[in-house]
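All remarks here apply to the structure that follows.
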Amino acid sequence: MPELPEVETTLRGILPTLLHSTIDQVIVRNRSLRWPVPDGLEAKLAGQTVENVARRGKYLLIGTPAGTAMLHLGMSGSLRVLDSGIPPEKHDHVDIALTSKKVIRFNDPRRFGSLLWAGDQPFAHPLLAALGPEPLSDTFAGSTLYNAGRNRQVAIKQLIMNSNIVVGVGNIYASESLFRAGINPARKAGRLSRARYDRLATEIKRVLSEAIKMGGTTLRDFHNAEGKPGYFKIKLQVYDRAGKPCNICAQPIKHRVQGQRATYYCSECQT
DNA sequence: CAAAGGTCCTGCTCGC
DNA sequence: TGCGAGCAGGACCTTT
């Protein structure tokens, strides 16, 4: 599920409840997420006051005086803000219970998500240290992609999904931004002009911003901290639209598997 | 049985 | 032959 807009939506949903709150206790019911939840994480967070809640790429960072916890939603994870006392259901792996009698509950059926401890230098953590720029910041531009794509054989779609080059662009928004930029997803990264990279960077920023405004995209699992879906699906031009007419030229949208991921595009509009 | 929105890691291939 | 970079594929899971 969650790409940058969905993680940002989640962040905004938990922020008012979590920021400046005090953690009463953390309950881990299933430690076997993508990586095991470290032993002792509950004890480190208990009694701490949350001084900072942030997002880096698709990682959510919960900062306390004792250190920072790092949470990733993986493919099917979500966070909800609940009142205390609501019994956990299947796949509710972690609760962060607050002294305010609110609970931040992490549910993740596929368990590709993670909850890790990043100490007091979170950005030095191996999972964060090598991440590329935030796509919505000024440190990301056409030049970022152009430089990264020089002389590379890799398909442009895989380039923009590489978190070491730019964070937050997952399978849905990769297809969508390439459609908007008129670029064939299979095109080799080294064979794109600077001008087309400028356009692509612009479209990545636009599609992510628009999706955040609409609360993200819900295909099946994703919901925000209130349990409600995102509404960007109605704006998708190509993703999950195989065989349906292109909104520009009416040719059927094509589907292919690229790097083991579903890719959707219009062979007429995208070159 | 295939596929699902993420992404790290391993191991292969290619070119120097 | 040896090495590193780049790239493809496997891995982690459950649900539909």
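The shown structure was predicted, so the numbers you read here are calculated from the model rather than taken from an experiment. Residue numbers begin at 1 in each chain, while the letters A, B, ... track the order of the sequences.
With hydrogens and angles disregarded, no donor-acceptor distance shorter than 3.5 Å links the side chain of K157(A) to the backbone of N184(A).
The number of heavy-atom neighbours closer than 6.0 Å to NZ of K254(A), taken from other residues, nucleotides and ligands shown, is 12 or below.
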How would you summarise protein contacts on nucleotides 11-16 of chain B per nucleotide, using B for base, S for sugar-phosphate only and - for none, with heavy-atom distances below 4.0 Å?
------
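For R80(A) and D92(A), the salt-bridge test fails: no basic side-chain N is under 4.0 Å from an acidic carboxylate O.
Listed by chain and number, the residues in a salt bridge (charged side-chain N to carboxylate O under 4.0 Å, His left out) with D95(A) are R29(A), R105(A) (sequence neighbours excluded).
A sub-4.0 Å separation between OP1 or OP2 of dT7(B) and a side-chain N or O of H72(A) is present.
Whole-Å rounding puts the L127(A) CG to dT7(B) C1' distance at 9 Å.
For DNA chain C, the outermost nucleotides in 5' to 3' order that have an atom under 4.0 Å from a heavy atom of chain A are dG6(C) to dT16(C).
Between L136(A) and F140(A), every side-chain heavy-atom pair lies at or beyond the 4.5 Å cut-off.
Residue L131(A) is found in a hydrophobic cluster whose other members, listed by chain and number, are W35(A), Y59(A), L61(A), M70(A), L116(A), F123(A), L127(A), L128(A), V167(A); membership requires side-chain heavy atoms under 4.5 Å apart, directly or through intermediates.
Among the atoms of the strands shown, none is found under 4.0 Å from any heavy atom of K233(A). No contact: L33(A) has no heavy atom under 4.0 Å from any strand. Here R261(A) lies in heavy-atom contact (under 4.0 Å) with a base. At the heavy-atom level, Y59(A) lies under 4.0 Å from the strands shown only through sugar-phosphate atoms.
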Parsed dot-bracket for DNA chain C after applying the Watson-Crick and G-U rules with both distances under 3.5 Å and | for other-strand partners is .|||||||||||.|||
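Under the 30°/60° scheme for interplanar angles, the aromatic rings of H93(A) and F106(A) are found to stand perpendicular.
Within residues 106-124 of chain A, the residues having any heavy atom closer than 4.0 Å to DNA chain B are, in order of number, R110(A), F112(A).
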